[in-house]
Amino acid sequence: RLDVTEMFHGILFPGHLHTQESLQLALKFPFQDTDILIASYPKSGTTWMQEIVSLISCRGDPHLTQNVPNWTRAPWLEQYYCAAVLEASSTTPRVITTHLPHHLLGPMLQGSKAKVIYVSRNPKDVVVSFYHFHKIAKFLPEAGTFPEFLDRFLEGTLNFGSWFDHFKGWISQTATMDNLLHITYEEMSLDLHGAIKRISAFLQCPLVEDEVKNCVKYCSFTSMKDNEMVNYTLVPDEIMDHSKGSFMRKGKTGDWKNMFTEEQNQYFKRIFKSKMQDCTFESKSHR
Ligand code: PPS
């Protein structure tokens, strides 16, 4: 295991990609009005959204998504290589990704016209996906048993911090930020075609029907699972143990039902209810 972490504002980040300097720089990032920012808690559909946004900006043409890795065409703002990638790229709009919570990134977004897409997913599916990912990702701590992992998720002590803080922070902005689109993994699973149209309208990049169809085709789970520019098989074994599973694992909603016991479900529901008391977001898909 690499298992080196950076503690930043009380949140742990994997140390192979994050440094104190890169994290500090992210908080001072001068957004341009043309930027597109994809924000998400890990395992919520980040990679899927990177693919969708890339495909929309290419009007459904897969040349870019099949030749440039997702971390180069939509780098994570807080990771150390981001500045160099952005400097080397001349494409507009820039697509940038972040797992940072809103309370850290908010100040630099204030007054900016950059378009922000916040992707969220049922937290029970997030924790299951994250648990399996911990087994592959050598840059994350040992997963331990699932009950232990679930406790750490609910306490907010895993890498990238609390799902609840992350979700509530970004969601709290939906009422006031008109350049923020919230979309769920569940919505994309249910109606990918409709979701792509909604995202392209938000990005002011309307597509004709054939272009939408091509986007749907190339960002389907099976296409992405076979695309080495996005399925993480290019990452060396020292960083990801590919014998332990694949990044493109199942791509389904409701997989938590195969992992949670009834007691764990009740326990989760209790904590969810108390932590979400102050949140106005109402969605069956996240319960
Ligand atoms: S990360 O590490 O934060 O970037 O992970 P993230 O991309 O947010 O989430 C990974 C999960 O998203 C699933 N995925 C998809 N599902 C459906 N369709 C498509 N096209 C797709 N692409 C990625 C991926 O399989 C992970 O979920 P699980 O449940 O583990 O399969």
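When reading the values below, keep in mind they use all heavy atoms of this one structure, side chains included, and skip hydrogens, waters and symmetry mates. For ligands, and for the atoms within them, numbers begin at 1 and follow the listed sequence.
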key: Residues which pass salt bridge (Lys or Arg N to Asp or Glu O under 4.0 Å) with K197, listed by chain and number, not counting sequence neighbours   = none
inquiry  = Tell me whether the count of non-hydrogen atoms from other residues, nucleotides or ligands lying under 6.0 Å of CD in Q66 goes above 12.
reply    = yes
Validation: residues 186-194 side-chain donor-acceptor distances under 3.5 Å, sequence neighbours left out:
unit_1 : atom_1 : unit_2 : atom_2 : d
E186   : OE2    : N122   : N      : 2.8
E187   : OE1    : R198   : NH1    : 2.8
E187   : OE2    : R198   : NH1    : 2.8
S189   : OG     : Y185   : O      : 3.2
D191   : OD1    : G194   : N      : 2.8
H193   : NE2    : E209   : OE2    : 2.8

message = Distance under 4.0 Å, heavy atoms only, partner ligand 1: which residues pass?
response = P42, K43, S44, G45, T46, T47, W48, W76, H99, R121, S129, Y185, C219, S220, F221, M224, F247, M248, R249, K250, G251
For residues 268-279, tabulate all N or O donor-acceptor pairs below 3.5 Å that involve a side-chain atom, not counting sequence neighbours.
unit_1 : atom_1 : unit_2 : atom_2 : d
S274   : OG     : I271   : O      : 3.4
D278   : OD1    : K168   : NZ     : 3.0

request  = I would like to know whether E238 and R1 meet salt bridge (charged side-chain N to carboxylate O under 4.0 Å, His left out); could you show each step before the answer?
outcome  = CA-CA 8 Å; E238 302 84 71; R1 287 218 160 240; over 6 Å; no
ask   = More than 12 foreign heavy atoms under 6.0 Å from CD of E21: is that the case here?
value = no
